[in-house]
Amino acid sequence: MKPEKPNYFDLVYQVVRLIPSGRVTNYGAIAHYLGIKSGARMVGYAMNAAHTMVDVPAHRVVNSQGLLTGKGHFSTPTEMQELLGKEGVNVVKDKVQNFEKVFWNPEVELAL
DNA sequence: CGCCTGACGTTGC
DNA sequence: AGCAACGCCAGGC
């Protein structure tokens, strides 16, 4: 068939796009929500492409530790922290504070 | 067509 | 508790 862009990226974009301001999520949650257990890497991979998407707040997506692992992929390594901080998410040393508080679980918030 | 890399997660030591 | 290795899947070369 034709490799017209795998829906994989789109699926991730949709979920990430639904993340409300002041809230963050992790790759594993999105991956699990999409139905892929060990697809956390794929989510991050999709985020890389999402970097070109303005509607995809990739800065709201962090790893299971709440660390801004993808900050290095942004224009500036501080932009991710700045954006989160401006949205109400306390980020110290590239790490999200109160991660479990600001954590946005798609399976719960979307009432799956 | 095959090998390597990659914004992760989990388990083992 | 911190570090290392493995596993998974897809894209790029």
Side-chain angles (χ1 to χ4, degrees):
Chain A
M1 251 296 254
K2 187 210 333 105
E4 68 164 55
K5 254 172 46 126
N7 296 2
Y8 214 94
F9 286 33
D10 291 281
L11 290 172
V12 178
Y13 300 154
Q14 290 174 62
V15 178
V16 175
R17 192 181 302 171
L18 292 172
I19 302 174
S21 180
R23 251 4 62 79
V24 293
T25 188
N26 65 28
Y27 304 95
I30 298 172
H32 192 255
Y33 175 72
L34 296 178
I36 43 190
K37 189 175 183 188
S38 306
R41 302 187 114 180
M42 275 63 265
V43 177
Y45 203 68
M47 304 310 312
N48 191 356
H51 175 236
T52 60
M53 309 285 270
V54 290
D55 288 303
V56 183
H59 64 270
R60 290 183 189 155
V61 185
V62 295
N63 71 344
S64 62
Q65 303 172 50
L67 293 171
L68 312 185
T69 49
K71 66 168 188 165
H73 291 259
F74 277 76
S75 307
T76 57
T78 54
E79 182 171 323
M80 195 172 186
Q81 181 176 325
E82 287 286 294
L83 288 168
L84 289 171
K86 295 175 73 155
E87 296 191 344
V89 180
N90 294 320
V91 180
V92 180
K93 293 177 355 144
D94 305 328
K95 187 180 120 234
V96 177
Q97 304 302 292
N98 305 319
F99 180 58
E100 52 184 279
K101 288 186 176 184
V102 296
F103 178 67
W104 183 78
N105 190 331
E107 297 186 80
V108 177
E109 301 303 306
L110 299 181
L112 182 60

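FYI, side chains are in, hydrogens and waters are out, and symmetry mates aren't considered; it's all heavy atoms of this structure. This is a predicted model, so every value here is computed, not measured. Each chain gets a letter, A, B and so on, in the order the sequences are listed, and its residues count up from 1.
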Atom pair distance, as rounded to whole Å: CG in Asn48(A) and C1' in dG11(C): 11 Å

Heavy-atom distance under 4.5 Å between the side chains of Val12(A) and Tyr45(A), does that happen here? no

Please report the distance, rounded to the nearest Å, between OH in Tyr45(A) and P in dG7(C). 21 Å

Out of Glu82(A), Met80(A), Met47(A), Lys71(A), which one pairs with His59(A) under the side-chain contact (heavy atoms from CB on, under 4.5 Å) rule? Met80(A)

Can you measure Tyr13(A) atom OH to dA7(B) atom P for me and round it to whole angstrom units? 14 Å

Does Ser64(A) have a side-chain nitrogen or oxygen under 4.0 Å from the phosphate oxygens OP1 or OP2 of dC8(B)? no

Can you tell me how far P of dA7(B) sits from CZ of Arg60(A), to the nearest Å? 22 Å

Taking atom C1' of dC8(B) as reference, at what distance in whole Å does atom CG of Asn63(A) sit? 7 Å

Report yes or no: does His73(A) contribute a side-chain atom to a donor-acceptor pair with the main-chain N or O of His51(A) at less than 3.5 Å? no

Side chain of Asn26(A) (C-beta onward), nearest among dG9(B), dG12(C), dA7(B): dG9(B)

Any side-chain heavy atom of Arg60(A) sitting closer than 4.5 Å to one from Thr25(A)? no

Rounded distance in Å - CG (Asn7(A)) to P (dA10(C)): 12 Å

Nearest-Å distance for atom pair CG/C1', residues Asp10(A) and dA10(C): 15 Å

With a non-hydrogen cut-off below 4.0 angstrom, is Ala58(A) in contact with a base, only sugar-phosphate, or nothing? base

What is the separation between atom CD on Gln65(A) and atom P on dA7(B), rounded to the nearest whole Å? 15 Å

Return the nearest nucleotide to the side chain of Met42(A); candidates are dA7(B), dC9(C), dG7(C). dC9(C)

Options dG6(B), dG11(C), dA7(B), nucleotide nearest the side-chain atoms of Phe9(A): dG11(C)

